[in-house]
Enquirer: 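Have a look at this one.
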Number of protein chains: 2
Amino acid sequence: MSVSVREVAALAGVSVGTVSNVLNRPDKVTEATVVRVREAIEQLGFVRNDAARQLRAGRSRSIGLVVLDAGNPFFTDLARGAEARALRDGLAVLLGNSDEDAERERSYLELFEEQRVAGLLITPVGHVVPRLERLRERGTPTVLVDRQAENATFSSVAVDDVAGGHMAVSHLVEIGRRRIAFVGGPAGIRQVSDRLEGARRALAEHSTVTIEVIETESLTVLQGRAVGEAIRARPKSERPDAIFAANDLLAVGLLQGLMILSDIRVPEDIALIGYDDIAFASSSVVPLSSIRQPSALIGSTAVDLLLREAATTGDFAHEQVVFQPELIVRASTSTTVASSDE
Amino acid sequence: MSVSVREVAALAGVSVGTVSNVLNRPDKVTEATVVRVREAIEQLGFVRNDAARQLRAGRSRSIGLVVLDAGNPFFTDLARGAEARALRDGLAVLLGNSDEDAERERSYLELFEEQRVAGLLITPVGHVVPRLERLRERGTPTVLVDRQAENATFSSVAVDDVAGGHMAVSHLVEIGRRRIAFVGGPAGIRQVSDRLEGARRALAEHSTVTIEVIETESLTVLQGRAVGEAIRARPKSERPDAIFAANDLLAVGLLQGLMILSDIRVPEDIALIGYDDIAFASSSVVPLSSIRQPSALIGSTAVDLLLREAATTGDFAHEQVVFQPELIVRASTSTTVASSDE
DNA sequence: CGCCGATTATGATACGTTTCACCCTAACGC
DNA sequence: GCGTTAGGGTGAAACGTATCATAATCGGCG
């Protein structure tokens, strides 16, 4: 059925070893032979079998990336950054979408483990550290993405979410808001709890400000819309005067839920700030204030760390990279400014 | 280094064949033996080597999916649909992003071919038919996605883009627009040319309406913004009174480019309609009219066709599924209606 | 002309799994 | 008690590649 090196070798009148050399180290083979083998390959339509190659090599040329939500532009940008960086070293990136679900996460880890990936990038949901440690023992380096490793036992690249939460809420307070709602969840997700923690710290500096936490099942537009509608249904006096959403998807959904068929004005009645600064944030109904993260840079840096860790034999080289987020103010939190966007 | 079935077998005191049976057909093995083997697996931390498995099987348990733009929600939704359907048959989906670039597309095809994927889903950019035919000869079925196969030589699942283009422009004409601009590109992409074709047909029915084609390099927010700014820079009299964007990403960008620091009103001065109806369309500055496609359904149907084709031995079973798009009217094309959204 | 080193080519081997033809044993029917 | 059968288990073979020790070839030089 399938064409193998053996048949190529036969047609070209050389040994299989030579064919392999043409494929992998053409400089070690005479020009004339190279040509002859290449012709045979062409003629037979030979395509190298990656499974055999991997089996022999003991390791694949791919790295696995498990993200929380492949539909979130923040993660697609991150993936794009990772892919570009990996490509420079001839590595492919396998993308897995855990959808914030520990079970799905586990099944992707299993898949990647069976594939003997060259490395693993993950934004963890469940309790995966033991599994990751097992992987490491096998020689598969792991880098935690968008999440700081608590005990420096893994390399990680993250953005300071506590600082980001602090920024967001400080900003809301500065524009005069006092009844703030935090919308996000599930609470088990580190990014969410850190952003909330930052928000709380900002509050601690202003005793007159209160915060209400509204937990969601996931960080999606749909969930945001549901919460928005719930808030809209409240009597005016019980509504917050500002909302800090744990990400932009929620914020966009909130905007829909709050404004549709409603007299609520954003930001006049309720100011709104999101997180991630996805490309759509600047063009939503009311352009969205947000906390910007360098998504593509996170991805490429993660691959960088991964490769560095893979190259190091002594395994005490765990690096923790932490980027600082940036406040982007747009119309959703500014009554006066005519946002000039970017 | 790595643990193999052999060592598991040794520890459990059985043969390798039995271990394999426990892994793949546990019902064929005595309960007691199963337990013993499972314990050995656990104890040694054995993880099945997928490369060896594939090598033996001759085929992988993954299907490849090559899309035009992994950052476009239309395609992430499509991918999600495909993944969910594939999972039901125990298949993984490998996602490749061609970024509308023939070279990248080629390299993903090569990768998938080397991986001996069980099947291929592709939204083609370049001239890939010969390569796909070669794949088919090898026994790898292919389904064209979001693109009708011209000569019924491949299975395909698509949406009638000509009809969609017709819908969009008919709608613009109906609300009284006469100077229409079509924004999209590159022209080589079938979806773009079909939508334009549909637009032209709609025009043919109204001799007083003119169309201007503005070609873009890609279908992204950035490109849309650039075109929007170019239109904004024109003298008022030379601006179109309606724009049909080849997808929502462009439309969102156009919205940004047209409205920022500008007195142009949408839809009063320029009506705007996009294509795909991504989740963000309903929550943009001006909620966007669009042509809706059943993205997840396209993905799952494509996998369906793929599996059906893979099951068929006689190879004359190419099916062409064509869905009809749906016009979604929102504020960007309606001066009067206070959009009730969904 | 013969020797040597360098350059090329060879081909057996191993990677870890699944499969399949075969063996063993115990139970069953007659 | 013997033949038959079925259920469990065995282990060698094969999948297609890369590697590496070995062999062949060549050119140059003494």
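Each chain gets a letter, A, B and so on, in the order its sequence line appears, and its residues count up from 1.
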Enquirer: Is the closest basic N to carboxylate O distance between R80(A) and E83(A) below 4.0 Å?
Expert: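 No, no charged N to carboxylate O under 4.0 Å.
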Enquirer: Under 4.0 Å, heavy atoms only, any strand: does R25(B) hit a base, just the sugar-phosphate, or nothing?
Expert: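 Sugar-phosphate, no base atom in range.
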Enquirer: Rounding to an integer number of Å, can you tell me how far K28(A) NZ sits from dA24(D) P?
Expert: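 Rounded to the whole Å, the gap is 21 Å.
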Enquirer: Under 3.5 Å, is there a donor-acceptor pair between the N49(A) and E114(B) side chains?
Expert: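 No.
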Enquirer: Regarding T30(B), tell me which of base, sugar-phosphate or nothing describes its non-hydrogen contacts under 4.0 Å with the strands shown.
Expert: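 It contacts sugar-phosphate atoms only.
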Enquirer: According to salt bridge (charged side-chain N to carboxylate O under 4.0 Å, His left out), who are the partners of D89(B), at least two apart in sequence or on a separate chain?
Expert: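 For D89(B) the salt bridge (charged side-chain N to carboxylate O under 4.0 Å, His left out) partners, ignoring immediate neighbours, are R85(B).
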Enquirer: Output every pair passing side chain to side chain donor-acceptor pair (under 3.5 Å) with a member in residues 30-41 of chain A, not counting sequence neighbours, ordered by first then second residue.
Expert: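 Sorted result for residues 30-41 of chain A: empty, none.
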Enquirer: Taking atom types as modelled, find out whether T142(A) and R131(A) have a side-chain donor-acceptor pair closer than 3.5 angstrom.
Expert: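 No, no side-chain donor-acceptor contact under 3.5 Å.
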Enquirer: Does one side chain, of E309(A) or S155(A), offer a donor that lies under 3.5 Å from an acceptor on the other?
Expert: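 A pair is found: one side chain offers a donor N or O, the other an acceptor, under 3.5 Å apart.
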Enquirer: Could you tell me the separation between the CD atom of Q54(A) and the P atom of dA18(D), rounded to a whole number of Å?
Expert: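 Atom CD in Q54(A) sits about 12 Å away from atom P in dA18(D).
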Enquirer: Hey, which of these two, G13(A) or D50(B), hits DNA chain C nearer its 5' end, going by closest nucleotide?
Expert: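 So the residue in question is G13(A).
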Enquirer: How close or far is atom C1' of dG9(D) from atom CD of E31(B), stated in whole angstroms?
Expert: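 In whole Å, dG9(D) C1' and E31(B) CD are 16 Å from each other.
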Enquirer: Taking only residues two or more places apart in sequence, or in another chain, which ones meet T220(A) in a side-chain contact (heavy atoms from CB on, under 4.5 Å)?
Expert: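 Testing T220(A) for side-chain contact (heavy atoms from CB on, under 4.5 Å), a comparison that skips the adjacent residues, returns S218(A), L222(A), Q223(A).
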Enquirer: Which is more 5' along DNA chain D, the nucleotide nearest A57(B) or the one nearest S15(B)? Just name the residue.
Expert: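 That would be S15(B).
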Enquirer: Between C1' on dC15(D) and CZ on R138(B), what's the gap in Å once rounded to a whole number?
Expert: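 One finds 16 Å between C1' of dC15(D) and CZ of R138(B), rounded.
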Enquirer: Please report how far the helix from dC1(C)-dG30(D) to dC30(C)-dG1(D) bends, comparing the axis fitted to its first five pairs with the axis fitted to its last five, to the nearest 10 degrees.
Expert: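 The helix from dC1(C)-dG30(D) to dC30(C)-dG1(D) shows an end-to-end axis angle of 50°.
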Enquirer: Once you round it to whole Å, what is the distance between P of dG8(D) and CZ of R36(B)?
Expert: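 Going from CZ in R36(B) over to P in dG8(D) covers 14 Å.
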Enquirer: Listed by chain and number, what are the side-chain hydrogen bond (donor to acceptor under 3.5 Å, both in side chains) partners of T301(A), not counting sequence neighbours?
Expert: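 Residues passing side-chain hydrogen bond (donor to acceptor under 3.5 Å, both in side chains) with T301(A): none at all.
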Enquirer: Please state how far atom CG in D27(A) lies from atom C1' in dT8(C), giving the value in whole angstrom units.
Expert: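 It is 12 Å, rounded to the nearest whole Å.
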Enquirer: Polar atom pairs between nucleotides 12-16 of chain C and protein, under 3.5 Å, N or O only, would you list them?
Expert:
none

Enquirer: Distance check needed: dT19(D) P versus L23(A) CG, whole Å only.
Expert: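 Answer to the nearest Å: 11 Å.
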Enquirer: If you measure from the Lys or Arg side-chain nitrogens to the Asp or Glu carboxylate oxygens, is any gap between E113(A) and R134(A) under 4.0 Å?
Expert: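 Here E113(A) pairs with R134(A) in a salt bridge, since their nearest N and O are under 4.0 Å apart.
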